[in-house]
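Please read the structure below before turning to the comments.
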Amino acid sequence: DQYLDRIGTITNNEYLVFFTKSHKSNYSNRYFVCDNQIQCVEYSQVCDLNDDCGDGSDEIACTNNFTCNSSGQFIPKIKKCDGQYDCVDMSDECNAQCSREILEGTYLKVTSMVIAVLAVLSNMVIMIKNILSLKHSTTSVGLVNKSLIILISFGDLLVGCYLLVIAVYDTIIFKKGYCHEQMKWITSSRCSIIGVVSTIGSQVSLFAMAGLSIVRLNGIRGSLRVPGEVNLAKSLKVAV
């Protein structure tokens with residue numbers, strides 16, 4: 001007597017299904033039975049990103065949402081892997097489909113590590129070799145050349161150290177956990193320090209290379225200069 005527009009039937013001896021009578025005297029089922037078998041919700045509440053059943057059964061089978069791992073919160077699927085953390089546990093960004101790493105891919109990791117090690121070792125050798133040979137420089141031009149080469153090697157050494165630190169943090173320290181540690185790493189003093197080291201190294205190397213180019217261009221121009229005044233007599237003498 002309470003719901004005169006509803007008819008109750010038993011389905012599989014388990015669920016009570018309500019059919020509602022519309023204004024055209026047609027009966028339709030507008031209710032979703034929750035898995036907890038305690039309550040029903042209207043189908044308009046299914047897949048609406050809200051846990052209306054209380055057990056998540058009205059959302060769990062939907063394809064328009066993503067379920068956060070720890071909280072069970074439902075977010076629109078378009079917010080998964082969009083670069084912004086919508087889940088408290090970051091599971092919408094830190095997962096198998098879109099998890100972040102400092103160096104993406106095995107090839108880049110191996111290549112970065114090899115280049116970093118070679119850069120550090122080779123530039124250390126060049127620096128030591130040129131520092132030891134400074135005392136043998138007999139001209140100011142030779143001294144300037146060796147000094148600039150040492151500066152270039154020093155700058156490249158700093159850049160190599162930066163790349164080596166990044167490779168070590170990515171492959172050894174963070175491994176697959178970088179995504180969860182990303183914000184902490186970006187705002188840490190360690191990240192700032194190696195960023196400064198990289199900037200100093202690239203700038204030192206750049207200016208030293210520019211200075212070395214100027215010195216060598218000046219030397220080439222000097223070697224092409226004809227000594228003294230050129231006249232007809234001197235030209236004939238050379239020709240004879």
Side-chain angles (χ1 to χ4, degrees), residues 81-85 90-91 93-225:
C81 302
D82 65 347
Q84 297 181 356
Y85 296 110
M90 305 180 184
S91 57
E93 300 298 326
C94 301
N95 51 64
Q97 288 74 38
C98 55
S99 185
R100 296 183 181 89
E101 295 179 286
I102 301 178
L103 301 172
E104 298 286 348
T106 304
Y107 175 78
L108 185 58
K109 295 176 188 292
V110 174
T111 303
S112 300
M113 183 69 77
V114 171
I115 291 176
V117 172
L118 290 177
V120 170
L121 295 178
S122 60
N123 282 291
M124 285 182 64
V125 171
I126 294 172
M127 283 181 60
I128 294 172
K129 181 179 178 180
N130 281 275
I131 289 174
L132 295 176
S133 64
L134 278 177
K135 60 182 179 180
H136 301 296
S137 299
T138 56
T139 63
S140 58
V141 174
L143 183 62
V144 170
N145 279 336
K146 290 185 181 296
S147 299
L148 290 174
I149 291 174
I150 292 172
L151 284 177
I152 294 173
S153 300
F154 176 69
D156 291 344
L157 175 64
L158 292 181
V159 175
C161 290
Y162 160 79
L163 187 58
L164 182 60
V165 171
I166 290 295
V168 169
Y169 266 94
D170 179 70
T171 57
I172 299 176
I173 298 177
F174 288 134
K175 297 180 180 178
K176 297 295 183 181
Y178 172 71
C179 186
H180 293 282
E181 302 290 335
Q182 182 180 11
M183 294 306 300
K184 186 186 296 184
W185 164 251
I186 292 175
T187 57
S188 68
S189 58
R190 294 166 295 172
C191 183
S192 300
I193 290 172
I194 64 172
V196 171
V197 168
S198 173
T199 302
I200 292 175
S202 59
Q203 294 300 314
V204 168
S205 180
L206 177 63
F207 285 113
M209 288 178 66
L212 184 62
S213 299
I214 293 172
V215 170
R216 292 190 173 180
L217 284 174
N218 187 57
I220 293 173
R221 187 183 65 175
S223 64
L224 296 176
R225 187 178 301 162

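Here, residue 1 is the first one in the sequence, and each next residue gets the next number.
A donor-acceptor pair under 3.5 Å is absent between the side-chain atoms of Asn218 and the main chain of Ile214, judged by distance alone. In terms of modelled atom types and a separation under 3.5 Å, the side chain of Asp156 and the main chain of Val159 share no donor-acceptor contact. Formation of a donor-acceptor pair under 3.5 Å by the Glu93 side chain with backbone atoms of Asp82 is found in this model. A donor-acceptor pair is defined here as one N or O able to donate and one able to accept, closer than 3.5 Å; such a pair exists between the side chain of Ser133 and the backbone of Asn130. Listed for the Thr139 side chain is a donor-acceptor partner under 3.5 Å among the backbone atoms of Gly142.
To the nearest 0.5 angstrom, Ile166 atom CD1 is 11.0 Å from Thr171 atom OG1. We find the CG-CG distance between Asn145 and Leu134 to be 11.0 Å, quoted to the nearest 0.5 Å. The distance from atom CG of Asn123 to atom CD1 of Ile150, rounded to the nearest 0.5 Å, is 12.0 Å. Distance check: Gln182 CD to Phe174 CZ gives 9.5 Å after rounding to the nearest 0.5 Å. Expressed to the nearest 0.5 Å, how far CD of Glu181 lies from NZ of Lys175 amounts to 13.5 Å.
Sorted by first and then second residue, the disulfide (SG to SG under 2.5 Å) pairs with a member in residues 122-157 form an empty list; sequence neighbours excluded. Note on residues 104-171: no pairs pass disulfide (SG to SG under 2.5 Å), not counting sequence neighbours.
The 12-atom threshold is not exceeded at CE of Met209, counting heavy atoms of other residues, nucleotides or ligands nearer than 6.0 Å.
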Return a table of donor-acceptor pairs under 3.5 angstrom between the side chains of residues 187-194 and protein atoms on other chains or two or more places apart.
| residue | atom | partner | partner atom | Å |
| --- | --- | --- | --- | --- |
| Thr187 | OG1 | Met183 | O | 2.8 |
| Thr187 | OG1 | Lys184 | O | 3.4 |
| Ser188 | OG | Trp185 | O | 2.7 |
| Ser188 | OG | Cys191 | N | 3.4 |
| Arg190 | NH1 | Tyr169 | OH | 3.4 |
| Ser192 | OG | Ser188 | O | 3.2 |

Counting only pairs under 3.5 Å, give me each side-chain donor-acceptor contact of residues 106-120, with atom names and distances, residues two or more places apart or in other chains.
| residue | atom | partner | partner atom | Å |
| --- | --- | --- | --- | --- |
| Lys109 | NZ | Glu101 | OE2 | 3.3 |
| Lys109 | NZ | Leu103 | O | 2.9 |
| Lys109 | NZ | Asp170 | OD1 | 3.4 |
| Lys109 | NZ | Asp170 | OD2 | 2.4 |
| Thr111 | OG1 | Tyr107 | O | 2.7 |
| Ser112 | OG | Leu108 | O | 2.7 |

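Here Phe154 pairs with nothing under the ring-ring contact (aromatic ring centres under 6.0 Å, His included) rule; sequence neighbours left out. Scanning for disulfide bond (SG atoms under 2.5 Å apart) contacts around Cys94 gives Cys179, with sequence neighbours left out.
When side chains are defined from C-beta on, Leu121 does not count as touching Val125, because their heavy atoms never get closer than 4.5 Å. Val204 is not listed as a side-chain neighbour of Leu158, based on a closest heavy-atom distance of 4.5 Å or more.
Here the options are Leu151, Ile149, Leu157, the test is side-chain contact (heavy atoms from CB on, under 4.5 Å), and the partner is Met127; only Leu157 passes.
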